[in-house]
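Here's the structure we're looking at; comments come further down.
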There are 2 protein chains.
Amino acid sequence: MISKKTKYAINALVYLAKKPLQQPILISEISEQEKIPQKFLEAILLDLKKAGILASKKGKGGGYFLLKSPNDVNMADVMRLFDGPIALLPCVTHKYYQKCEECKDEESCGIRSVFLEVRNQTVDLLKKATLTEIMKREKSV
Amino acid sequence: MISKKTKYAINALVYLAKKPLQQPILISEISEQEKIPQKFLEAILLDLKKAGILASKKGKGGGYFLLKSPNDVNMADVMRLFDGPIALLPCVTHKYYQKCEECKDEESCGIRSVFLEVRNQTVDLLKKATLTEIMKREKSV
DNA sequence: TATTAGTCTATTAATTCAATAGACTTTGTA
DNA sequence: TACAAAGTCTATTGAATTAATAGACTAATA
């Protein structure tokens, strides 16, 4: 399961992606519309800003807006930002790699082979799932 | 990430699958060979027994052995047993289904659509990953 | 009947998750 | 220029989960 943080982040991003470019949206608006505790949301948006996905404007008339193109924001990146690795086993991640204690030879490990395949497929799908793609899927029903 | 419990369970199952049918294997042996804390392993094996995957024999000459055929034990079932749902979102699981608070219409939700696809692909792969399959992959390198 | 080996219940330490509180800083505008 | 709006930062907390440990109990075999 992904954390609430990640889910909230995705909801907020989709919400912002539907607004006009560069238009600052209040945290309080996102919080109310998407039913996300405001203080919690503040931290999330800040992280998304630090990651270069969002930008913000302070003071009156301020708020958050998408910095990256909705085409360039995918679910794999968002999940990694908040939940860490997507892989189900540490010996199968790229950035957070950790060797298994009990494993003699990693290359010939049947368990690893299975979970490597799962990871690759999942990452593939999540990378294709951009904000644009998510909005497209919404409309098509 | 899967829990250590699940990982230990898989390691223990693969270990048992390599032994002769019906031959009871000591908990202590599995614990040592697979580097799993013995007390922790006891609980795991008990759960696998309750799930009908393993059987045990008490007293001298006792131990655990596979009850199901290695062909019928797959990673999806094992993961579900210890870690619960495989899906990344509650609105996309079968048995643990929960509606999203903020979602107006589930059928047309673009986020859900993405994560449903991820879930289905993952479950597919994990169901094919039986103990037999894992052992086959080990040899093939 | 002693010994071996699995079963059961309870507890604990550590970590992570989700949320909250409050003070601080920046900025637009009256 | 001062006030109010709105984002930023640091700290804390409660709950839940994970990983592991301890110890008493029960069943089976030689």
Side-chain angles (χ1 to χ4, degrees), chain A residues 1-12 16 23-32 34-51 53-67 79 81-85 88-90 96 98 100-102, chain B residues 1-12 16 23-32 34-51 53-67 79 81-85 88-90 96 98 100-102:
Chain A
M1 290 278 167
I2 63 175
S3 65
K4 292 231 174 183
K5 214 166 182 176
T6 298
K7 180 72 199 311
Y8 289 156
I10 296 172
N11 286 135
L16 290 176
Q23 185 192 313
I25 308 294
L26 291 183
I27 295 180
S28 60
E29 178 184 335
I30 307 172
S31 163
E32 278 164 32
E34 297 293 323
K35 292 177 185 146
I36 306 170
Q38 175 153 348
K39 276 290 177 183
F40 201 22
L41 178 60
E42 286 176 14
I44 292 166
L45 295 176
L46 213 48
D47 283 344
L48 288 168
K49 182 186 174 184
K50 281 174 191 157
I53 295 172
L54 296 181
S56 67
K57 218 188 141 196
K58 281 190 173 183
K60 201 166 187 175
Y64 276 95
F65 52 92
L66 265 185
L67 184 60
M79 282 184 56
L81 187 60
F82 294 102
D83 284 350
L88 294 171
L89 282 182
Y96 301 81
Q98 251 185 304
C100 289
E101 280 304 312
E102 68 282 2
Chain B
M1 288 280 167
I2 63 176
S3 64
K4 292 229 174 185
K5 213 167 180 175
T6 299
K7 180 71 199 313
Y8 289 157
I10 297 172
N11 286 135
L16 289 176
Q23 184 192 314
I25 309 293
L26 290 183
I27 296 179
S28 60
E29 177 184 335
I30 307 172
S31 164
E32 278 163 33
E34 297 293 323
K35 292 177 186 146
I36 306 170
Q38 175 152 350
K39 276 291 177 181
F40 200 21
L41 178 60
E42 285 176 14
I44 293 166
L45 295 176
L46 212 47
D47 283 344
L48 288 168
K49 182 186 174 183
K50 281 173 190 156
I53 295 171
L54 296 181
S56 67
K57 218 187 142 195
K58 282 189 174 182
K60 198 164 190 178
Y64 276 95
F65 52 92
L66 267 184
L67 185 59
M79 282 183 56
L81 187 59
F82 294 102
D83 285 348
L88 294 170
L89 283 181
Y96 300 83
Q98 249 183 305
C100 290
E101 280 305 311
E102 68 282 2

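Chain naming here is simple, since letters A, B, ... match the order of the sequence lines and numbering starts at 1 in each.
- Considering only residues two or more places apart in sequence or on other chains, B/A9 meets the side-chain contact (heavy atoms from CB on, under 4.5 Å) condition with B/I44, B/L48, B/V78, B/F82.
- Judged as a salt bridge (Lys or Arg N to Asp or Glu O under 4.0 Å), and not counting sequence neighbours, B/E34 has no contacts.
- Not counting sequence neighbours, B/Y96 has no partner by the ring-ring contact (aromatic ring centres under 6.0 Å, His included) test.
- Sequence neighbours left out, not one pair with a member in residues 56-65 of chain A passes salt bridge (charged side-chain N to carboxylate O under 4.0 Å, His left out).
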Protein N or O to nucleotides 8-18 of chain C N or O, pairs below 3.5 Å:
unit_1: C/dA18; atom_1: OP1; unit_2: A/K4; atom_2: N; d: 3.3
unit_1: C/dA18; atom_1: OP2; unit_2: A/K4; atom_2: N; d: 3.2

Under 3.5 Å, which N/O atoms of the protein pair with N/O atoms of nucleotides 3-5 of chain D?
none

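- Every side-chain hydrogen bond (donor to acceptor under 3.5 Å, both in side chains) that B/S3 has, sequence neighbours left out, goes to B/T6, B/D83.
- Under the rule for a salt bridge (Lys or Arg N to Asp or Glu O under 4.0 Å), the partners of B/K39 that lie at least two apart in sequence or sit in another chain are B/E42.
- A/A55 is linked by a side-chain contact (heavy atoms from CB on, under 4.5 Å) to A/F65, A/L67, counting only residues two or more places apart in sequence or in another chain.
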Distances under 3.5 Å only, N/O to N/O: pair up the protein atoms with those of nucleotides 13-15 of chain D.
none

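- Applying the side-chain hydrogen bond (donor to acceptor under 3.5 Å, both in side chains) test to B/K4 and every residue at least two apart in sequence or in another chain returns nothing.
- Every side-chain hydrogen bond (donor to acceptor under 3.5 Å, both in side chains) that A/E29 has, sequence neighbours left out, goes to A/Y15, A/K19.
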